[in-house]
Student: 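Handing you a structure now.
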Amino acid sequence: MTRVGIVAVGQSKFGELWEHSLRDLAVDAGNAVFKDLDTQTKGNITKKNIEGLFVGNMGAGSMAKQSHLGSLVSDYVGITGVPAVRCEGACSSGALAFRHAFHTIKSGEMDVAMVLGIEKMTDIDSNHVLNALMEAGDFEWESLAGLTFTGLYALMARRHMKEFGTTRNQLSLISVNNHKNGVKNPYAQFRGEITIEDVEKSTLIADPLRTLDCSPITDGAASVIIASEEFIKKNKLDNVAWILSSSAATDRIGFFNRRSIVELDATKLAVKRVIEKDRVNMKNIGVTEVHDCFSINELVALEDLGFCEKGKGGKFIEQGEIKLDGQIPTNTTGGLKSIGHPVGATGVRQLIDITKQIRGDSLNQLKNVNQGLALNIGGIGTTSVIHVLGKD
Amino acid sequence: MTRVGIVAVGQSKFGELWEHSLRDLAVDAGNAVFKDLDTQTKGNITKKNIEGLFVGNMGAGSMAKQSHLGSLVSDYVGITGVPAVRCEGACSSGALAFRHAFHTIKSGEMDVAMVLGIEKMTDIDSNHVLNALMEAGDFEWESLAGLTFTGLYALMARRHMKEFGTTRNQLSLISVNNHKNGVKNPYAQFRGEITIEDVEKSTLIADPLRTLDCSPITDGAASVIIASEEFIKKNKLDNVAWILSSSAATDRIGFFNRRSIVELDATKLAVKRVIEKDRVNMKNIGVTEVHDCFSINELVALEDLGFCEKGKGGKFIEQGEIKLDGQIPTNTTGGLKSIGHPVGATGVRQLIDITKQIRGDSLNQLKNVNQGLALNIGGIGTTSVIHVLGKD
Amino acid sequence: MLSVPVFWRMNKEKYKMIGKKCLDCGLVIFPNRKNCPSCDSQKLEEFGLSGKGKIYSDTIIRVAPDGFEAPYITALIKLEEGPMIVGEITGVDIEDVEKNPQGLVDKEVSITFRKIMLNENGLRVYGLKFLLE
Amino acid sequence: MLSVPVFWRMNKEKYKMIGKKCLDCGLVIFPNRKNCPSCDSQKLEEFGLSGKGKIYSDTIIRVAPDGFEAPYITALIKLEEGPMIVGEITGVDIEDVEKNPQGLVDKEVSITFRKIMLNENGLRVYGLKFLLE
Ligand SMILES: [Zn+2]
Ligand SMILES: [Zn+2]
């Protein structure tokens, strides 16, 4: 089986970009990734080499009245004609599109593919965005009962606090860390540091979660180009982030139907496959992107990924283990909290930031990073997608 | 590279099924395909063997307030936990999901996968369905200009009539043929034969297209299970429809931006790949499913696929070449026109009907069919997906 | 806009709390399914639930989706027959609840029927809510 | 509901028919793009179109989407500078047009501005339509 690597990355600005349409965002990310492709390959590889497009997007239908993004994006970024498809799995749509591209190359069908994650969220009123995001949950038994996305995570947070003694302060530390990491990120929606007091004085959205526990509503797009080992070797490309593992799992759509609401089976199943099937040694992971749509999600995910014991996530964070100099530096460029969370773009943006840590050109570059892991979550642990990238 | 074959098929009833929710439809198709799996494998293979789920759906977000169908469907059909994803490319979503599953098996990632196409269209008012379907086109320059999906195809029809002298009568013959083929189809939405007069007296929707030129608004789901050659041989499965080619291509999203509006480049590009890359001899194709969302689309597609010359589609149909005893029997079980068109389900339903012709258990079984081709189109020739299935 | 059948389909479940019981493994199923989520059996019979249960976790929704009016309390309720369900807790003073960091966890509740939301046509949608015992 | 920026973003194009011209290959681009669809150049300058053109194909929309009122004539128009665009033909008698199986194909048109639709808030949205010459 051929190996597959990431050869170029690029993204648009993330933020409330009223002057940018869905297609403008796609073009910005496209132009950025093609510029990086030019740099990385010294002009030898261009968009003419792209054989397929895989778009990650959750809700352009509901939020921008536009579906069929495979065609729209290939058209506007200038690769009209290629096979193109949109993948969706709520907030994990970006990583699922990447996974589709990865398997298509591995199958021998093509050598070079483009992945583009995108979401345009500010073309509809913000209360309608709430409704659109709840499409990720169970419409009949959650949305119609008045539950919101923040509400779902609030239920998780309160139960985690009860069972394990997790504190308000521990949750706040997550937001503080991610904002701190995002200060230098030119693409980030929010670049200011915040304090624990800021988090704890921010408006309650769904008790116990407050504004600064939540990732924002964001417009943005992110793109990577991946290629087969044969292509990479033939064209003598270096500076490649190799895909060492791609793993996905799902859980029941209704949060009320889960085995547990403080331990997410989809993540546990996905990480099991990473270790057992793809033989990744988790001790080698030097950096991680962990889906922090809400502070509590990052905490629970760190436990489910096995970086600490179940129930000990709060302590782990308190001890500074997720900081840039901690045991497992997490969301080193700001996470969803600071960079923003254009739903379909996030999974691809995470892979860009891991790639940069592997290549050595991250804005918060760590030393001696050989492998990095990205966890992209759709819904409330409903779909978990893990990718591990490495130097070789 | 491993070969991949279809080992089981099943579908729900197609129609206006108010008493069925989105998830009910999924379960009906799931139970049907697992029942066929049981029959075909004499009970040796069950849903426990399924390693991944690929859902085709266009608009559950807009039409049923529900996204994240990978999780919802895997949960309700009883395969919770498997990697699951939804693929979208407007009306070609079903074939795109199938293509994703095909490449994932070919890549060696898994041996057995389930594909399920689904659309629930009657949970919202029918004028909102029109808006939702236009998400397949260019929102800014087509939807906002008041164009409908039927309107787009009407523009194609009028131009084709002008350039090639295609007649009203020739278009009518397509609907007549498809309805005739659907009479015995127990899953079909409309099982009555219609006459040329019926078509020509039916209400104008967008001149020159009338009600009986158009496929209906339909609820339904369709599913297939595919497996790797190793798995098929190890388990001594026979009665398999092998996937001889999977090919896709796209065109610009805006119909106004095309090279031609009477010849669809995406289909021409896709069929070129079928012939040149996968070395299919089109002369061996004994049966075809051609996307007849509108009569004019079937006519243009027959030309673009090369079954007749450009501009001669009308004549070809007049000569009876698409009939069950014609040169290339087309939509032998009723097509979208008679069976109905639950958008995301259609591409999978087409593959079910080709599989049955290959296996020998079609309701209108043809003799000596070794290979069959299905063309699933998204938008107005915006995405074209072709699959060729064969006996070996 | 959502059509009438959406609400009508869930009539039996939402207004009468009629679920299913698996004849093969005994599992009580609510909301309804055609296949048992535990043993995959399709042999299920109708089964009425008591509507009594205990709060497993809860939150105060302060920013509501379209059709709902914040603030209100939404909880995950473990029904006494086994299944969990999401429901609004009504008839309590939110100012009392918000003072307690544990919320209403472990409190016993029983079912009632109330207006849930206004749909897009401005029509009232009724459904199940819960009262503290 | 669609927010104001959606309509505001297309202001220049839809109200003044200002497109782009590629400085590398000379292509006239309308609606706007950031990259030339022919040669992929990003060196584009603003370019005003005359708003004159010829009907390439047309139809009478008799079942309209939300916000529009049927019947009306919608056409693909080939602008004299090259690009094609979709627009409503206004100021013609639909009863005359429907008698001709060729519709309005090859007729010359020029641009005008009119109410296009009512949006979800009931506000009028204006945009370009075409008049027969
Ligand atoms: Zn059971
Ligand atoms: Zn140019």
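Computed from heavy atoms alone, side chains included, the values below leave out hydrogens, waters and symmetry copies. Convention: sequence-line order gives letters A, B, ...; per-chain numbering from 1.
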Student: Side chain, backbone, both or neither: which part of L69(B) has a heavy atom under 4.5 Å from chain A?
Tutor: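 Just the backbone, heavy atoms under 4.5 Å.
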Student: Give a yes or no on this: more than 12 heavy atoms of other residues, nucleotides or ligands lie within 6.0 Å of atom NZ of K277(A).
Tutor: yes
Student: Under a 4.0 Å N-O cut-off, is there an ion pair linking R258(A) with D75(B)?
Tutor: no
Student: Taking the six-membered ring for Trp, are F102(A) and H387(A) parallel (under 30°), tilted (30 to 60°) or perpendicular (over 60°)?
Tutor: perpendicular
Student: Under the salt bridge (charged side-chain N to carboxylate O under 4.0 Å, His left out) rule, collect the residues that match up with E229(B), sequence neighbours excluded.
Tutor: R3(B), K233(B)
Student: For the interface with chain B, which of G108(A), G378(A), A270(A) has the highest count of heavy-atom pairs at distances below 4.5 Å?
Tutor: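 Top option by heavy-atom pairs under 4.5 Å: G378(A).
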Student: How long is the straight-line distance from OG1 of T122(A) back to CD of E19(A), given to the nearest 0.5 Å?
Tutor: 9.0 Å
Student: Under 4.5 Å from any heavy atom of chain A, what part of S62(B) do you find: side chain, backbone, both or neither?
Tutor: both
Student: Counting only heavy atoms closer than 4.5 Å, note whether A266(B) contacts chain A via side chain, backbone, both or neither.
Tutor: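 Neither part, no heavy atoms under 4.5 Å.
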Student: With a 4.5 angstrom heavy-atom cut-off, is it the side chain or the backbone of A64(B) that approaches chain A, or both, or neither?
Tutor: backbone
Student: Where on D265(B) is there a heavy atom nearer than 4.5 Å to chain A: the side chain, the backbone, both, or neither?
Tutor: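 Neither part.
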Student: Under 4.5 Å, counting heavy-atom pairs only, tell me which of R273(A), R252(A), K106(A) racks up the most with chain B.
Tutor: R252(A)
Student: For S74(A), is it the side chain, the backbone, both or neither that has a heavy atom under 4.5 Å from a heavy atom of chain B?
Tutor: side chain
Student: If the condition is ring pair (Phe, Tyr, Trp, His ring centres under 6.0 Å), which residues does H291(A) pass it with, not counting sequence neighbours?
Tutor: H341(A)
Student: Heavy-atom cut-off 4.5 Å, strictly under: side chain, backbone, both or neither for D138(B) against chain A?
Tutor: both
Student: Would you say CZ of R259(A) has more than 12 non-hydrogen atoms from neighbouring residues, nucleotides or ligands within 6.0 angstrom?
Tutor: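 Atom CZ in R259(A) is crowded, with more than 12 foreign heavy atoms closer than 6.0 Å.
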Student: Could you list which of residues 242-249 of chain A have a heavy atom closer than 4.5 Å to any heavy atom of chain B, in residue-number order?
Tutor: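 Answer by number: S246(A), A248(A), A249(A).
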Student: Where do K120(A) and D24(A) land on the side chain to side chain contact (heavy atoms under 4.5 Å, CB included) test, with the steps shown first?
Tutor: CA-CA 10 Å; K120(A) 176 68 195 174; D24(A) 293 334; over 6 Å; no
Student: Does the side chain of M63(B) reach to within under 4.5 Å of the side chain of E119(B), using non-hydrogen atoms?
Tutor: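 They are in side-chain contact.
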Student: Find the one option among V73(B), V385(B), T382(B) whose heavy-atom pairs under 4.5 Å with chain A are most numerous.
Tutor: T382(B)
Student: Is any NZ, NE, NH1 or NH2 atom of the basic residue among K65(B) and E140(A) found under 4.0 Å from an Asp or Glu carboxylate oxygen of the other?
Tutor: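 E140(A) and K65(B): not salt-bridged.
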Student: With a 4.5 angstrom heavy-atom cut-off, could you sort out which part of L269(B) is near chain A: side chain, backbone, both or neither?
Tutor: side chain
Student: Non-hydrogen atoms of chain A under 4.5 Å away: do they reach the side chain of Y76(B), the backbone, both or neither?
Tutor: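 For Y76(B), the contact with chain A is made by the side chain alone.
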Student: Which is it for H103(B) and R99(B) under the side chain to side chain contact (heavy atoms under 4.5 Å, CB included) test, yes or no, and what are the steps along the way?
Tutor: CA-CA 6 Å; H103(B) 286 136; R99(B) 187 171 149 83; 3.7 Å; yes
Student: Mind checking what makes ring pair (Phe, Tyr, Trp, His ring centres under 6.0 Å) contact with F256(A), not counting sequence neighbours?
Tutor: none
